[in-house]
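Before any comments, here is the structure.
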Amino acid sequence: MNLQMIGCSHRDATLGIRQQLAFNAQRAREALAAWQSQFPHIELALISTCNRVELYAAATSEDDAPTADELRGALLDFRQIPRQDIEGQLVALTGWDVVRHLYRVAASLDSMVVGEPQILSQVKQAYQRAQEIGCAGPLLHELFQSALRTAKRVAGETSLHKHRVSLPSVAIADLAACVFETFDDKHVLVIGAGETADETLRYLRDAGQAQIHVVNRSDKRGQELAHKWSGTYHPWEQLWDQLVLADLAISTTSADERIVSANDFGQLVAPGRHQRPLFILDLAVPRDFEPRVGDSLGVYLYSLDDLDRACEQNRKARTAQVPSAERIVDQETGRFLAEINRRATAPVISGLREGFERPKAAELNRLFRRLPDLDATAKREIEQFADRLVNKMLHPPLESLRDAAKNGTPHGLLDAIKRLFHLED
Amino acid sequence: MENLKPMDLGVNMLCFTASYAIALVLEFLSLWAHLRWRRLALLAATSAGLVAHTWFLGQRVALTPRAPLATHQDWYLLAAWLLALIYLAAKLYYPKSSMGLFLLPAVLGLIAGAQAASNTQLATFQGPRLWGRVHGMFLMLGTVAVLLGFLAGLMYLIQSYRLKHKRATGTALRLPSLEWLERVNSRALAAATLLVGGGFFTGVMSRLVQSNQEPFIPWTDPVVMSLSAMLIWLVVAEVFRLIYPPARRGRKVAYQTVAAFAFLVFVLAVILLQDSLHLTRAVTEIMP
């Protein structure tokens, strides 16, 4: 089995190069179809995400496999990128390095944000696309299925994916979820209509159908945001009333001065709330809420710094899981290698056995014909003797073959055995 | 006097105590290590404990028709069984939470209480035995409700503290949301008020319907006094909650249940150390 990978990732290539090389789903299909005609005897799959573009090729034998240069050329020519532009930014891997690399990619160990969950589905989609076009055969099937299995093992046996690292996801899924059981019936107040508010609301919508209320100084932008998330817009003057009603407040204004002081909160908001829990995400720089607001009963105030610290904790927790995940990748790579080698040596082993069994059976037949008076017990003894003899003669070459197969397909030894024992392919 | 010996039965207390203890150890282990088989082992240990526990109580019922509330020991064991069942249900509903760190010690505490409690047949009062049974059942359920409310309150206070001090993430201790804990807390307090009230009322009724002697309520008995104090506290807390909205929220409810638990501990201590009401005199007078 010959495996190759040509591509680039966030590790070696600049964003500009990655963007030039990137394929959308349609272009990926077209490229695979073109490459299939160019290399009819190999299997191909293309992974293209924001952070990587990788072309995988698998061939049954070395003779069928294209060279790394040919693959590189195919990739660059399709995107019409001059080779000199990408000098040193494309990586070429062969053999077991490809297996290990794909396992690491699928398990999100090679991602820019280690442990991010999207890559697994992107790898799955890449394989499905290759399958649909007819580029993927049994070799890539084996490779990609084992990669997906490895990724699932990593997800199940480590907590690599369990720690969120983006600010909105930590804010909503880790922290707000500690306060609220469900977001479905919650009154969410968004103060300001910036990009951060929009991004946070996206996570919030995934978590439940909260009632969204927007308060903003500019009516137009506030109304747009409210409309986008099927919420209600309120003029700026209603800020205090809305704070009284809110369960979750997300503040993202670009105001130069503090909007809610502890004094105002104590006088205008707290009395109407009756200590009902209020979770405040102050995502503004500078802060919109005075930190002392968080001292009020039932108020949980989180600023950007607090969220950053929580993200950092999660990042550290993910990093701590990397060695365990790498161990799983190593185990699975070893398993894949052993399986492929077993398959490569299996025909030779069975040929060798057959090569001994055939003369054994013929000689036994000849012997039994010449000694017709032998009783059943004697015949059985002779047969067992012949079996033991064949097994003992086969043991040293088979053992050597198995030992050699542990470190890769032992092509030299296989050829030698074939020639020594006149085994046909 | 009938003296029951549970240790003579095929399944003894050690069986289910050990199972619950293993489950507790697994809960603690999950704070430090990510064990793939932990949840399965935890459910298996708790289920095994519950099966042994149920079998044990079933044997008790087979041995004496008045069980499982025939002795103080039974009473504790039944409360522990109910709490263990609640834990198992909670674990299935919230598989990732660390609630076991709170519920399982309470279960083991009740079993320890059973070990310390009298194994002598409790006196049913001289009136119809139904009153005595309902009285025991109400108070047992009331105890579980107070315990549950207390544990939810404790978790609420810890979770609230962690959120206030920005320590809710980055640790393996996972607690339910404040909203859920507040709901459980509040409902447990309301249920405890009704159940303890019901227990108190049926206790009084069972005294009043005694046929062979002058009806008499021993108001000055330590057990009656401590239970009355607990009931008064629960009723006052409920009324307070009805008329003062902030008392229905978060920390205040949690504090109320913590106080109710303090009363409960006091009542149980009095029953363990000085229960003249349910044991000696009654037994000699009542046993048919």
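The figures here come from the full heavy-atom set of this structure, side chains too, leaving out hydrogens, waters and symmetry mates. We name chains A, B, ... by the order of the sequence lines, and we start the count at 1 in each one.
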Regarding [X] and [Y], does a basic nitrogen lie under 4.0 Å from an acidic carboxylate oxygen?
X	Y	value
A:E326	A:R100	yes
A:E312	A:R315	yes
A:R335	A:E332	yes
B:K91	B:E27	yes

> When only pairs under 4.5 Å are counted, which of A:H163, A:R309, A:K316, A:K186 shares the most heavy-atom pairs with chain B?
Replying inline: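 Option with the top pair count is A:K186.
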
> Quick one: of A:L301, A:D306, A:V170, who has the most non-hydrogen atom pairs under 4.5 Å with chain B?
Replying inline: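 Ranked by contacts with chain B, first place is A:D306.
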
Residue part contacting chain B, namely of [X], when any heavy atom lies under 4.5 Å:
X	value
A:Q313	side chain
A:A317	neither
A:S303	neither

> Quick one: what part of B:R183 sits under 4.5 Å from any heavy atom of chain A, side chain, backbone, both or neither?
Replying inline: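 Only the side chain of B:R183 comes within 4.5 Å of chain A.
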
> Is the distance between the ring centroids of A:F279 and A:Y302 under 6.0 Å?
Replying inline: yes

